[in-house]
Amino acid sequence: MTSSEGRMLNGKTIFWIIVGVFAGFLVGSLVNLTVSFAALLFYSPPEGFDWNDQAALAEYVGGLPMGAFLFALAAHAAHSLVGGWVAASIARPFRYTAGLLVGLGTLVGGIVNLGEIPHPGWFAVVDLILYVPLALLGASLVKQPLMSEEIPPLQEDGAA
């Protein structure tokens with residue numbers, strides 16, 4: 001949080017940060033799912049595959065080529081980047097705070113994903129490194145509002 005963010009933090013701005021983070025995570029998740037479903041067009045599981053069978057899942061993932069993991073990285077990266085951008089767009093001028101929170105949320109989701117689905121070691125390292133920086137990059141793409149846009153000017157007493 002920058003010093004200008006600290007000065008203006010109040011209930012209203014906290015509300016918009018929360019709304020921004022929620023919306024960013026939601027929109028980022030939709031982007032993630034879209035890319036993940038696109039990957040299934042190229043790397044589809046066998047007919048009748050049971051996603052709840054951990055042994056079958058481990059065997060399926062273990063046999064996937066590098067391209068499938070690159071799709072997964074793209075999905076996760078897009079989730080963070082787009083999510084950070086959406087959150088920052090809503091939570092301006094707290095764009096980096098909102099982006100960071102989206103990045104940390106996607107990082108937690110990535111850790112859970114890696115714990116539930118077996119992945120190659122290189123994938124885990126690259127995947128976990130990308131979440132927070134890409135969310136902050138997404139936040140940096142949002143222009144900081146001018147002070148005149150943030151706070152309405154004060155009117156003098158007796159002004160109509």
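Note that the coordinates shown come from a computational prediction; the quantities given were computed from them, not determined experimentally. Count residues from 1 along the sequence.
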Visitor: Measure the spacing between CH2 of W51 and CG of L57 and express it to the nearest 0.5 Å.
Guide: 6.5 Å
Visitor: Would you indicate whether the side-chain heavy atoms of F71 and Y43 approach each other to under 4.5 Å?
Guide: yes
Visitor: How about S140 and W85: do any of their side-chain heavy atoms sit closer than 4.5 Å?
Guide: no
Visitor: Shared ILVMFWY cluster between L73 and L33, side chains joined below 4.5 angstrom?
Guide: yes
Visitor: Enter the distance from I14:CD1 to T97:OG1 here, rounded to the nearest 0.5 Å.
Guide: 10.5 Å
Visitor: I'd like to know if Y96 and L104 are part of one continuous hydrophobic network [Ile/Leu/Val/Met/Phe/Trp/Tyr, side-chain heavy atoms within less than 4.5 Å].
Guide: yes
Visitor: With ring centroids as reference points, do Y131 and H79 lie under 6.0 angstrom apart?
Guide: no
Visitor: Which heavy atom of A139 sits nearest to which heavy atom of G99, and what is that distance?
Guide: CB-CA, 4.1 Å
Visitor: Identify the two heavy atoms, one from V142 and one from S89, that lie closest to each other, and give their separation to 0.1 Å.
Guide: CG2-OG, 3.4 Å
Visitor: For the CG atom of N113 and the OG1 atom of T106, what is their distance to the nearest 0.5 Å?
Guide: 11.5 Å
Visitor: Taking all heavy atoms of K143 and all of R92, pick out the closest pair and write down the distance.
Guide: O-NH1, 3.2 Å
Visitor: Roughly how far, to the nearest 0.5 Å, is CZ of F25 from CG of L30?
Guide: 11.0 Å
Visitor: Taking the side chain as everything from C-beta on, heavy atoms only, tell me whether F69 gets closer than 4.5 Å to P120.
Guide: yes
Visitor: Would a hydrophobic clustering, with Ile, Leu, Val, Met, Phe, Trp and Tyr connected at side-chain separations under 4.5 Å, put L141 with I90?
Guide: yes
Visitor: Please report the closest heavy-atom contact between V102 and G84, naming both atoms and the distance.
Guide: CG1-N, 3.8 Å
Visitor: Enter the distance from D53:CG to E59:CD here, rounded to the nearest 0.5 Å.
Guide: 9.0 Å
Visitor: Could you check whether any side-chain heavy atom of L134 comes within less than 4.5 Å of a side-chain heavy atom of L137, counting everything from C-beta outward?
Guide: yes
Visitor: Following the transitive rule for hydrophobic clusters with a side-chain heavy-atom cut-off under 4.5 Å over Ile, Leu, Val, Met, Phe, Trp and Tyr, establish whether L107 and L81 coincide in one cluster.
Guide: yes
Visitor: Honestly curious: do I129 and L100 fall in one hydrophobic cluster under the side-chain, below-4.5 Å linking rule?
Guide: no
Visitor: Between S36 and A75, which heavy-atom pair has the shortest distance, and what is it?
Guide: OG-CB, 3.7 Å
Visitor: For L41, is there any backbone N or O sitting under 3.5 Å from a side-chain donor or acceptor partner on S44?
Guide: no
Visitor: Relative to each other, are the rings of H119 and F123 parallel, tilted or perpendicular (30° and 60° limits)?
Guide: parallel
Visitor: Contact between P45 and L40 at the side-chain level, heavy atoms closer than 4.5 Å - yes or no?
Guide: yes
Visitor: Considering non-hydrogen atoms only, spot the tightest contact between A98 and A88 and give its length.
Guide: CB-N, 4.2 Å
Visitor: Are the side chains of H76 and N32 in touch, meaning some heavy atoms are under 4.5 Å apart?
Guide: yes
Visitor: Quick check against the 3.5 Å criterion: does S80 have a side-chain atom that pairs as donor or acceptor with the backbone of A77?
Guide: no
Visitor: Is it the case that over 12 heavy atoms from other parts of the model lie below 6.0 angstrom from the CZ atom of F22?
Guide: no
